[in-house]
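First up is the structure itself, then whatever we jot down about it.
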Amino acid sequence: MYKRNPYVMVPGPTPVARSIQDAMGRETVSFHDPRLVAEFKALIDDLTTLWRCDGIAFVVAGSGTMAMEMGIVNIASDEDRVLVCSNGYFGDRYIDICSRRGFKMDTIRAKWGETVTADEIDRRLSEDRFDVLVLTHVETSTGVEFPLRDLTRMMRDKHPEVLIAVDGVASMGGVEFYMDWGVDVMLTCSQKCFGISPGLGILWAGRRAIEKRRGMPPLNASYVDFEKWIPVMKDTVKYWGTPAVNLIWALSESVRIIKEEGLENRFKRHRHYAKAIRGSLSAMGFAPCCASELASPTVTVGLYPDGSGIDDAAFRGAVYDEGAHIAGCFGDFAGKGFRVGHMGNIEPNILVSAVAAIERAAIRCGHKIEPGVGLAALQRTLLEG
Ligand code: PMP
């Protein structure tokens, strides 16, 4: 029997649209080729304008972790005090990056499945002087969304002098956000909501962040230095590190798709699909790992019901065989559930196939549910849109 490749329903990489694959498959040209230079320039302008950034966007070869490192080292010097919030695996990664850098750092942690709140941050910032606040918009290990709008309002009112850096790896391009909310550095990478293959870090640095970097002593890092990349982003014929030519073609096509859909429509679509996925998992008896008001629009955790006897590895293997690749959980939820990514350029037929695969696999693994129960819930929510 002919079998298509499983749908990539892990929280990154995400399904890559045909036209983006085609863009990646374009002939590799010199980064001085005027066609690439022009497209790169238009891409940087689009990224800056779409997310209402009063500074500059950066597109640099590397993964999301490179973008995290680049994001913090350019706005925090050794003398600065950095407050890092974490409620899961990737927040902990930012703590690790900051502690290796040797910043004077403090942390606020929330349990996995919960979030640090704006009130807690306000309290901590009122007790002590901090220069930079770091947090994760969507914590991919739990699917919890940080209430970023509330936070930026609070920060504007009460701690306007503190710079804010946000890991938006699992949110940018899918979840409501604009730089003029008051964030100084936002970052993501290509394989999440932008729906491209892995390989690009994408950052937005507002005016304050650029000024902060300018006033800092030379960085003890070179590849990730804003000062090295700013001339390239302003004039894309310039060279610092070789741009990932084919991924730039691809990101440019991804941004074209985003403009065609409209950012606001894209944000609504992600929330709608997330609601549909949550409803279908719950109808199949999988429990959420967080309160519904914290559930992110881009990734959802389903915990195995007590006594279901489902073996995690066997179940995810069965889902793969049925045609969808979902991810395991780690940390506090390791072995207790799975993660489904639903971000980027996906549409209802992909969701239907993924839920159908999960449903068949669950039944094959001995989970006592009626065939169609998850699909019916999914379809009901999809029809609301
Ligand atoms: N932050 C978050 C929130 C993530 O989800 C990920 C990747 N899943 C990263 C950072 C790291 O990105 P990368 O694996 O591309 O280095």
Side-chain angles (χ1 to χ4, degrees), residues 7-26 36 39-53 56-68 70-71 90 136-138 140 145 166-179 183 185-205 233 236 243-271 273-274 296-299 327 340-347 350:
Y7 287 102
V8 187
M9 301 306 286
V10 298
T14 56
V16 179
R18 183 67 258 168
S19 65
I20 293 177
Q21 294 272 10
D22 289 346
M24 263 186 303
R26 279 172 70 176
L36 192 269
E39 204 155 319
F40 195 3
K41 170 88 185 88
L43 171 62
I44 297 299
D45 289 349
D46 275 345
L47 290 170
T48 310
T49 315
L50 278 169
W51 277 276
R52 307 201 302 240
C53 177
I56 196 159
F58 297 84
V59 173
V60 176
S63 85
T65 308
M66 185 277 302
M68 292 168 78
M70 184 164 171
F90 291 103
T136 312
H137 193 186
V138 167
T140 322
E145 178 186 357
V166 179
D167 172 350
V169 163
S171 68
M172 271 307 267
V175 182
E176 298 81 355
F177 171 76
Y178 296 101
M179 287 295 285
V183 165
V185 169
M186 186 58 158
L187 62 97
T188 187
C189 48
S190 46
Q191 76 273 22
K192 305 278 180 177
C193 300
F194 282 87
I196 311 170
S197 300
L200 283 182
I202 310 163
L203 292 96
W204 290 256
M233 300 306 144
T236 48
V245 169
N246 290 62
L247 288 173
I248 288 172
W249 295 134
L251 184 57
S252 160
E253 171 59 12
S254 162
V255 169
R256 189 199 62 74
I257 292 173
I258 289 173
K259 286 197 322 195
E260 192 173 81
E261 180 172 15
L263 265 186
E264 291 294 321
N265 291 336
R266 197 168 172 93
F267 299 152
K268 273 196 213 111
R269 176 172 64 74
H270 277 77
R271 286 213 182 264
Y273 286 2
S296 99
T298 52
V299 51
V340 184
H342 32 83
M343 56 183 119
N345 298 314
I346 53 172
E347 40 88 30
I350 295 184

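Model, not experiment: these values are computed from the prediction.
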**Request:** Could you give me the CA-CA distance, side-chain angles and deciding distance for V175 and R271, then say whether side chain to side chain contact (heavy atoms under 4.5 Å, CB included) is met?
**Result:** CA-CA 8 Å; V175 182; R271 286 213 182 264; 3.9 Å; yes
**Request:** Measure the spacing between NE2 of H137 and OG1 of T188 and express it to the nearest 0.5 Å.
**Result:** 11.5 Å
**I346 side chain reached by Y273 side chain, heavy atoms, under 4.5 Å** = yes
**Considering all heavy atoms, the nearest A205-C53 contact** = O-SG, 3.4 Å
**Prompt:** Who pairs with Y7 by ring-ring contact (aromatic ring centres under 6.0 Å, His included), at least two apart in sequence or on another chain?
**Reply:** none
**Request:** Please list, chain by chain and in numerical order, all residues satisfying side chain to side chain donor-acceptor pair (under 3.5 Å) with T48, sequence neighbours excluded.
**Result:** none
**Prompt:** Looking at residues at least two apart in the chain, or sitting in another chain, which of them share a side-chain contact (heavy atoms from CB on, under 4.5 Å) with T14?
**Reply:** M343
**Message:** Before you tell me yes or no, could you show the steps for N345 and I20 under side chain to side chain contact (heavy atoms under 4.5 Å, CB included), namely the whole-Å CA-CA distance, both residues' side-chain angles and the distance that decides it to 0.1 Å?
**Reply:** CA-CA 10 Å; N345 298 314; I20 293 177; 3.6 Å; yes
**Item:** Which atom of A17 lies closest to which atom of I257, heavy atoms considered
**Value:** CB-CD1, 4.3 Å
**Minimum heavy-atom distance P243-I248, with the two atoms named** = CB-CD1, 3.5 Å
**Request:** Answer whether the closest heavy-atom distance between the side chains of E145 and S171 falls below 4.5 Å.
**Result:** no
**Asked** So how far is it from F40 CZ to L251 CG, rounded to the nearest 0.5 Å?
**Response** 9.0 Å
**Prompt:** What is the distance from atom CG of N246 to atom OG of S197, rounded to the nearest 0.5 Å?
**Reply:** 10.0 Å
**Prompt:** Can a salt bridge be assigned to the pair E261 and R269 using a cut-off of 4.0 Å between side-chain N and carboxylate O?
**Reply:** yes
**Which atom of I196 lies closest to which atom of A250, heavy atoms considered** = CG2-CB, 3.5 Å
**Message:** Within the structure provided, determine whether C189 and S63 are in side-chain contact (heavy-atom separation under 4.5 Å).
**Reply:** no
**Item:** Approximate separation, where rounding is to 0.5 Å, of R266 CZ and E260 CD
**Value:** 11.0 Å
**Rounded distance [0.5 Å steps], OG in S254 versus CG in L247** = 11.0 Å
**Request:** Grab the two heavy atoms, one from L187 and one from A67, that are nearest each other, plus how far apart they are.
**Result:** CD2-O, 3.5 Å
**Message:** For a 4.5 angstrom cut-off between non-hydrogen side-chain atoms, does I202 reach F194?
**Reply:** yes
**Asked** Any idea which heavy atoms bring A170 and C193 closest together, and the distance?
**Response** O-SG, 4.3 Å
**Request:** Identify whether the distance between the nearest side-chain nitrogen and carboxylate oxygen of R26 and E39 falls below 4.0 Å.
**Result:** yes
**Request:** For E264, check side-chain contact (heavy atoms from CB on, under 4.5 Å) against everything at least two apart and list the hits.
**Result:** Y178, F267
**Residues which pass side-chain contact (heavy atoms from CB on, under 4.5 Å) with T136, listed by chain and number, not counting sequence neighbours** = E139, D167
**Sequence neighbours excluded - side chain to side chain donor-acceptor pair (under 3.5 Å) pairs with any residue from residues 15-24** = R18-D22, S19-E253
**Item:** pair V255-L50: side-chain heavy atoms closer than 4.5 Å
**Value:** yes
**Message:** Return the CE to CZ distance between M68 and F90, rounded to the nearest 0.5 Å.
**Reply:** 8.0 Å
**Note, M179 side chain near M186 side chain (heavy atom, < 4.5 Å)** = yes
**Asked** Taking H342 for the side chain and P297 for the main chain, is one N or O donor matched with an acceptor at less than 3.5 Å?
**Response** yes
**Request:** Given side chain to side chain contact (heavy atoms under 4.5 Å, CB included), test L263 with W51 step by step and report yes or no.
**Result:** CA-CA 9 Å; L263 265 186; W51 277 276; 3.5 Å; yes
**Asked** Would a 4.5 Å heavy-atom cut-off, applied to side chains only, mark L47 and L43 as touching?
**Response** yes
**Item:** H270 vs T298 side-chain heavy atoms within contact, under 4.5 Å
**Value:** yes
